[in-house]
Amino acid sequence: MSDTPPWLGHQPHEPRPDIDLSAIIGLSPPVSAEHASAEPDEAAPLRAAPEIDATVHPAPMPYPVPPVPAPLGPPVSGFVPAAPAAPLPPAGPALDQVAILRKARRAPVRGWRRAVHAVTAGLVNPGESPAEIEYQQLLERLRRPIRGDYRIAVLSLKGGVGKTTTTIGLGSTFASLRGDRVIAVDANPDLGTLAQRIPQQTASTVRDLLADTAVHRYSDVRAHTSQAPSRLEVLASERDPAAAEAFSEREYRGVVDILQRFYNVILTDCGTGMSADAMRGVLDTADALVLVSSPALDGARSAGSTLDWLAGHGYGHLIPHSVVVLSSSRPGSSTIDVDQLVQHFLTRCRAVHTIGFDDHLAEGADIDLELLSKSTRRSFVELAATVADDFANPPRRGTGG
């Protein structure tokens with residue numbers, strides 16, 4: 001008995017039948033030549049094609065292909081400069097340069113424009129008149145900021161031309177229309193009357209301020225000054241003629257050193273004596289000069305002599321920045337051609353202003369801006385605006401001879 005399993009035994013080789021691929025894929029088999037003439041019933045039986053699922057399935061969405069960056073160019077040895085960037089589109093105007101909001105008109109304050117605005121209950125607003133717009137521009141100039149303090153010396157060689165009234169009028173205009181502190185100092189050694197032109201609140205003088213060793217705050221200085229309704233403060237001069245004459249340059253500088261810590265605008269009402277000891281301290285520490293004259297021949301000659309004295313004593317640098325005030329102390333028109341007088345001083349000074357006669361100023365009593373005529377008050381506003389045009393310039397104090 002053979003040990004070989006029956007399935008491994010020798011079996012006769014039988015040819016494998018050909019696989020009908022056409023039956024698998026559902027196609028008719030090719031017809032051979034020998035079967036071409038056979039009868040239909042003798043043909044090979046056809047196999048049934050497999051059932052095909054006719055349900056249409058959606059094709060899967062393709063994955064997004066990341067963009068391929070552009071080649072930077074063939075690698076080359078050495079430095080390759082970067083390609084210039086494309087120019088940016090021009091930027092539009094900034095928001096502060098574009099009129100986004102329609103500006104509201106300011107309500108008129110006088111004249112027929114105010115009447116129309118009041119009658120229509122504000123529905124009709126004619127706006128400000130050209131005169132009111134011009135006045136607002138003056139106020140903008142007058143209110144220029146000051147870094148530190150600004151010192152103005154008001155002087156004249158001739159008495160009785162309105163030097164003290166100009167000091168009070170200019171200082172009161174600054175004090176009433178600005179938000180900072182303004183003070184006027186009486187440096188007239190000949191019993192100055194500056195403190196007599198405002199309500200007197202204290203008997204203290206410049207000497208009392210210098211003798212006070214407890215000045216640390218503004219309130220300590222305020223105890224030595226009198227204040228006008230306009231908020232202008234005045235520091236009176238010494239009332240004893242002997243002591244006033246001895247008011248020296250060193251003492252004046254000591255007073256200014258105290259005041260400059262608490263005040264932004266310091267006006268000094270100088271005496272008529274240019275050779276006085278305190279006058280050198282006034283001119284050395286001044287940023288600007290206001291030269292007061294009358295619109296008369298003798299007053300104009302005195303003003304010209306003052307300019308000549310300044311030029312001959314090392315203060316010529318103050319002349320081109322000085323302002324001349326032609327103050328009328330008498331009513332009526334002058335026989336002098338004021339226009340020619342103005343042109344004469346403009347050849348040497350920065351500006352010339354005229355202040356007409358005013359009944360309130362001629363009284364010699366306390367000066368109240370509310371009691372001045374409209375033209376006089378407007379003249380002081382114009383003078384203050386001209387002086388304030390120099391606020392932005394660097395100080396000139398101490399540059400003289």
Side-chain angles (χ1 to χ4, degrees), residues 148-156 159 163-172 174-176 178 180-287 290 364-368 397-398:
D149 64 293
Y150 191 86
R151 306 171 190 177
I152 306 168
V154 186
L155 60 134
S156 173
K163 175 175 56 63
T164 299
T165 57
T166 299
T167 304
I168 294 291
L170 178 60
S172 297
F174 274 132
S176 62
R178 291 179 60 90
D180 42 17
R181 298 173 183 151
V182 183
I183 190 171
V185 182
D186 195 345
N188 191 343
D190 302 321
L191 295 179
T193 60
L194 184 68
Q196 300 175 15
R197 306 306 299 270
I198 68 167
Q200 185 174 354
Q201 297 175 338
T202 178
S204 184
T205 66
V206 290
R207 288 280 172 78
D208 297 320
L209 177 62
L210 288 174
D212 191 345
T213 58
V215 176
H216 305 292
R217 294 178 297 272
Y218 164 71
S219 59
D220 299 331
V221 181
R222 180 66 181 86
H224 298 281
T225 66
S226 299
Q227 190 175 60
S230 62
R231 294 180 53 253
L232 171 69
E233 297 181 37
V234 170
L235 182 61
S237 63
E238 185 62 51
R239 289 178 173 81
D240 183 3
E245 187 68 30
F247 190 59
S248 64
E249 173 188 355
R250 181 181 60 82
E251 290 174 317
Y252 176 80
R253 290 180 182 270
V255 170
V256 172
D257 288 342
I258 296 175
L259 298 181
Q260 58 92 22
R261 295 159 47 194
F262 307 103
Y263 297 88
N264 299 97
V265 180
I266 302 175
L267 298 96
T268 301
D269 184 15
C270 306
T272 56
M274 299 296 292
S275 58
D277 189 28
M279 182 61 69
R280 183 176 181 86
V282 172
L283 296 176
D284 281 346
T285 59
D287 294 310
V290 174
D366 296 349
I367 296 178
D368 188 350
R397 64 193 69 157

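Quick note: residue numbers are just sequence positions, from 1.
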What distance separates [X] [atom1] from [Y] [atom2], expressed to the nearest 0.5 Å?
X    : Y    : atom1 : atom2 : answer
I152 : T167 : CD1   : OG1   : 9.5 Å
L194 : I367 : CG    : CD1   : 9.0 Å
R253 : L210 : CZ    : CG    : 13.5 Å
T268 : N188 : OG1   : CG    : 11.5 Å
L155 : T166 : CG    : OG1   : 11.5 Å
L232 : I198 : CG    : CD1   : 6.0 Å

Between the side chain of [X] and the main-chain N/O of [Y], is any donor-acceptor distance below 3.5 Å?
X    : Y    : result
D212 : L209 : no
D180 : N264 : no
R231 : A175 : yes
Q201 : Q227 : yes
T202 : S204 : yes
R197 : I168 : no
R222 : T225 : yes

Apply the test side-chain hydrogen bond (donor to acceptor under 3.5 Å, both in side chains) to residues S230 and S176: give CA-CA distance (whole Å), side-chain angles for both, the deciding distance (0.1 Å), then the verdict. CA-CA 5 Å; S230 62; S176 62; 5.8 Å; no
What's the shortest heavy-atom distance between [X] and [Y], and which atoms?
X    : Y    : value
S237 : D186 : CB-O, 3.2 Å
G271 : M279 : O-CE, 3.8 Å
A228 : P199 : CA-CD, 4.3 Å
V282 : A153 : CG1-CB, 3.7 Å

Whether R181 engages the ring of Y218 as a cation-pi pair (distance to the six-membered ring centre under 6.0 angstrom, angle to the ring normal within 45°) should be assessed. yes
Give the C-alpha distance, both sets of side-chain angles, the deciding distance and a yes or no for side chain to side chain contact (heavy atoms under 4.5 Å, CB included) between Y263 and E233. CA-CA 10 Å; Y263 297 88; E233 297 181 37; 2.7 Å; yes
Could you go through the side chain to side chain contact (heavy atoms under 4.5 Å, CB included) check for I258 and V215 one step at a time? CA-CA 8 Å; I258 296 175; V215 176; 4.0 Å; yes
Steps toward side chain to side chain contact (heavy atoms under 4.5 Å, CB included) verdict (T285, Y252): CA-CA 10 Å; T285 59; Y252 176 80; 3.6 Å; yes
What I'd like to find out is whether the side chain of L235 reaches to under 4.5 Å of the side chain of H224, using heavy atoms alone. yes
Indicate yes or no: at least one non-hydrogen side-chain atom of L259 is less than 4.5 angstrom from one of I183. yes
Non-neighbouring partners of R151 that pass side chain to side chain donor-acceptor pair (under 3.5 Å), sequence neighbours left out: D149
Start with the C-alpha distance between L170 and L267, add both sets of side-chain angles, then the distance that settles side chain to side chain contact (heavy atoms under 4.5 Å, CB included), and finish with yes or no. CA-CA 9 Å; L170 178 60; L267 298 96; 3.8 Å; yes
Scan for salt bridge (Lys or Arg N to Asp or Glu O under 4.0 Å) pairs involving residues 256-273, sequence neighbours excluded, and state none if there are none. K163-D269
